[in-house]
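A short write-up of the structure that comes next.
Ligands are counted one by one from 1 in listed order, and the atoms in each one are counted from 1 as well. It should be emphasised that the depicted structure is a prediction, and the values quoted were computed from it without experimental measurement.
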Amino acid sequence: MILLNKKIGGAGFYIVLIIILIATIRFFSPPVNTVEEKTFTQFVQELDSGNIVSVKLQNGVDSIADVKLKDGKTFRTVIPQEAADTFYNDYLKAKNDAGSINVVSTPTKQTSMFLEWIPTFLMLGFLVFFWYRIMQQSGGGSKMNSFGKSKAKLINKEEAKNLVKFKDVAGLEEEKEELSEIVDFLKNPKKFINMGARIPKGVLLVGPPGTGKTYLSKAVAGEAGVPFFIMSGSDFVEMFVGVGASRVRDLFDTAKKNAPCIIFIDEIDAVGRKRGTGLGGGHDEREQTLNQLLVEMDGFGTNEGVIVMAATNRADILDPAILRPGRFDRTVYVGKPDVRARKAILEIHARGKKLADDVDLEIIAKRTPGFTPADLENLMNESALLAARRNDNAISMEDVDEASIKVQAGPAKKSRVVSEKERKLTAVHESGHAIVSRLLPEEDPVHIITIIPRGMAGGFTAYLPEEDISFMTKGKMEASIISLLGGRVAESLVLDDISTGASNDIDRATKIARAMVTHYGMSEKLGPINYDSSENEVFIGRDLGRTQDYSEKTAAEIDAEVAKIINEAYAECKRLLSENLDKLIALSDALLEKETIYSQDFEKIFNGEKLDQDSLDKDESITIKDLSDEAKDIMRRDKDED
Ligand code: ADP
Ligand code: MG
Ligand code: ZN
């Protein structure tokens, strides 16, 4: 019942309203008097017998006649249309002229005509109303009255002042420098206009996800204190034909009224993709929208004070027309932060968080190369959450370490039941990675090794990169492949069997090897030629039509070269691990006992020292009977040499 009431809610109100309306009309319309009615024949009879005093014709000659008799009685009759003219002319009019009766012809009352039409109008109104409601609902929630209105969110001048400022943006000094000119312009457009300077209409922020593009653009608006329209590219591309384009028009119209201001189109690749690609065919909605965007950007004069900012992480798929001067003519690359920027970002996100004395943001910054600002923010937040869960007074370095692994590999799945066999396998696998990496000078130092399952992985080995690197060398890539294979090699060497756990390692190693050959020209046999056309493989439409731009013979050579790199790396990895089998087994045993090993303990094990409390439970260690025949052989030989 309640449900029903709710459903009619709005409509119920209208129904009541209409009932009231009808009642009112009835009330005001002339009272329907209950006059006697007679047929036309009866009327003519009365007329012939001379009983009638007067006849009142309501609506011309062929209509209702109100008749008054000599005895004072009245009646009403209807004069049939086909008889009307002759009856009036030859009969009524003659009698009237003779003076025997009085004939009055009154025109129709306009009001009654109008009143008669009211129900029809009401019906029409109803229909329109319901049609409207239905349209509203089928419009996917978009309001009829804002049909075509842009979905841009406006942050007005006052709100803009509360946005982040440049001082909240850590690192990115050069980027801020570039944008400060635009801030100056927005603050004081006249200065620039008087100089005749042409301020860029559009600024494109390009960079990987989470590097602070949206954040930076908000800071520009916050710094300049101007209105800020924020809109995502996909808002443009809604499935209404033609509406996308009208939304763009709408947005620019509103922006011009609010100038100086910023229009920010986030994820512009959704709308600004290269035209004429994809499976959708030539004239899809997105293309119209893009065209309209380009037209609008050309349309507004340079100094109207509207600056379009846009962000994307796929600048490579943008339509070249977007990037030509006069549109997004300035591109700001927002990259991953270096160690100094990371420290500054950590400082910003450590504000208001209680840190223990042992927490050194500089060390955290050093340990987190490749982290984006979003990752760093997440890291600080996870650390705080962990500390809170542990009821600590402050965030400790341990919390940060744990959070850092969590951010990279997902949360620890402590509750997952892991069989003893699986634990051993993981311990050996991870030890393999760690020991090989330690033996290779190109590889980063090992930071944490754990066999607690997280995310998809059964275990995890984290490294401590010493510096940010912006390019790879051949030697470093080869070392990466060797240490990626470390897990698999250790399994096959120490245990009798190998597992599927290495599939991700193998996948990554193969990708590196293939890139070395096809992308970086590191194969002597194939030379410095790019055989990698994957850069163009952006759209399905293109993919389907893609052709391999080298011969089958070359393809075979590439495969052979890739296989050679992997096989050589495998052999080298096996040599390294065989020579250090005792370390590998010692580390596996320690992992089985402690589950997580930090760099200090790792160094001790690697150097053959004993850990503080060596309480190895015989059950949990890798005993000689677990070892593969090959491993037993190696161990025996080692013993003999000693
Ligand atoms: P993008 O738009 O590039 O994907 P965002 O702008 O959404 O990334 O940034 C994600 C988060 O990272 C922001 O909410 C912000 O808190 C943080 N952040 C980004 N850049 C910085 C920076 N330079 N300084 C401090 N925090 C930053
Ligand atoms: Mg963003
Ligand atoms: Zn692995």
Side-chain angles (χ1 to χ4, degrees), residues 163-176 179 204-222 230-234 264-270 309-315 332-338 340-351 361 365 371-381 407 409 425-437 449-451 453-463 480-492 498-509 573:
L163 287 175
V164 286
K165 301 275 167 2
F166 273 176
K167 69 169 167 38
D168 304 307
V169 180
L172 303 179
E173 295 307 327
E174 291 83 4
E175 290 81 356
K176 282 196 275 188
L179 293 171
L204 185 66
L205 301 171
V206 182
T211 45
K213 300 179 294 296
T214 311
Y215 192 69
L216 196 58
S217 68
K218 279 187 185 155
V220 171
I230 185 164
M231 183 179 213
S232 88
S234 52
F264 179 62
I265 306 169
D266 212 351
E267 318 291 347
I268 195 176
D269 40 299
M309 291 184 78
T312 181
N313 42 34
R314 299 299 311 268
V332 176
Y333 290 95
V334 187
K336 291 188 176 171
D338 62 11
R340 262 176 50 212
R342 284 199 300 273
K343 183 169 176 245
I345 293 164
L346 284 167
E347 271 160 10
I348 284 184
H349 293 293
R351 278 185 206 158
L361 294 181
F371 272 48
T372 62
D375 292 331
L376 293 171
E377 186 187 6
N378 194 10
L379 172 67
M380 290 315 284
N381 191 45
V407 168
L425 201 110
T426 311
V428 169
H429 181 105
E430 294 307 326
S431 300
H433 285 309
I435 299 284
V436 177
S437 308
I449 318 154
T450 172
I451 57 163
R454 319 171 161 266
M456 299 274 284
F460 185 73
T461 304
Y463 301 91
S480 300
I481 296 175
I482 295 173
S483 64
L484 278 169
L485 295 173
R488 161 56 60 90
V489 173
E491 283 175 33
S492 78
I498 50 177
S499 77
T500 56
S503 72
N504 180 36
D505 299 333
I506 290 170
D507 191 37
R508 278 165 61 197
C573 185

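- In this structure, atom 10 (C) of ligand 1 lies nearest to the protein heavy atom A374 CB, 3.8 Å.
- Looking at V436, I435, D505 one by one, the single match for side-chain contact (heavy atoms from CB on, under 4.5 Å) with S483 turns out to be V436.
- Of the N or O atoms in G210, one or more lie within a sub-3.5 Å distance of an N or O in ligand 1.
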Is there a side chain to side chain contact (heavy atoms under 4.5 Å, CB included) between S437 and T461 once you walk through the steps? CA-CA 10 Å; S437 308; T461 304; 5.9 Å; no
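- Nearest to atom 2 (O) of ligand 1 among the protein's heavy atoms is T214 OG1, 2.6 Å.
- Rounding to the nearest 0.5 Å places CZ of R488 at 8.5 Å from OG1 of T500.
- Ligand 1 has at least one atom lying under 4.0 Å from a heavy atom of D168.
- Sparse packing is recorded around NZ of K336, with 12 or fewer heavy atoms of other residues, nucleotides or ligands lying under 6.0 Å away.
- Side-chain N or O atoms of K213 include none that pairs as donor or acceptor with a backbone N or O of A310 at under 3.5 Å.
- When distances to the Mg ion (ligand 2) are checked against a cut-off of 2.8 Å, T214 contributes an N, O or S atom below that limit.
- Close contacts of ligand 1 with T211, meaning ligand atoms under 4.0 Å from a residue heavy atom, involve 3 (O), 8 (O), 20 (N).
- The nearest heavy-atom contact from the protein to atom 6 (O) of ligand 1 is Y215 N, 2.8 Å.
- Considering backbone and side-chain N/O atoms, A170 comes within less than 3.5 Å of an N/O atom of ligand 1.
- The parts of K213 lying near ligand 1 are both backbone and side chain, judged by heavy-atom distances below 4.0 Å.
- From the protein, the heavy atom lying nearest to atom 26 (N) of ligand 1 is H349 NE2, 2.9 Å.
- The N/O atoms of G212, backbone and side chain alike, include one that comes under 3.5 Å of an N/O atom in ligand 1.
- In this structure, A311 has no heavy atom closer than 4.0 Å to ligand 1.
- Among all non-hydrogen protein atoms, the one lying nearest atom 11 (C) of ligand 1 is E377 OE1, 3.4 Å.
- Closest heavy-atom contact between T372 and P209: CG2-O, 3.6 Å.
- Below 4.0 Å from some heavy atom of L172 lie the following atoms of ligand 1, by number and element: 23 (N).
- Between the CD1 atom in I481 and the CZ atom in R508 there is a gap of 11.5 Å [rounded to 0.5 Å].
- A salt bridge links D168 with R351: the closest approach of a Lys/Arg side-chain nitrogen to an acidic carboxylate oxygen falls below 4.0 angstrom.
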Give the C-alpha distance, both sets of side-chain angles, the deciding distance and a yes or no for side chain to side chain contact (heavy atoms under 4.5 Å, CB included) between Y333 and L205. CA-CA 6 Å; Y333 290 95; L205 301 171; over 6 Å; no
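- No more than 12 heavy atoms of other residues, nucleotides or ligands sit less than 6.0 Å from atom NZ of K218.
- The N, O or S atom of D505 with the smallest distance to the Zn ion (ligand 3) is OD2.
- One N or O on the side chain of E491 and one on the backbone of S499 form a donor-acceptor pair closer than 3.5 Å.
- Every atom of ligand 1 is numbered from 1 in the order shown, and the set under 4.0 Å from a heavy atom of P209 is 4 (O).
- Taking atom 18 (N) of ligand 1 as the reference point, the nearest protein heavy-atom neighbour is P373 CB, 3.5 Å.
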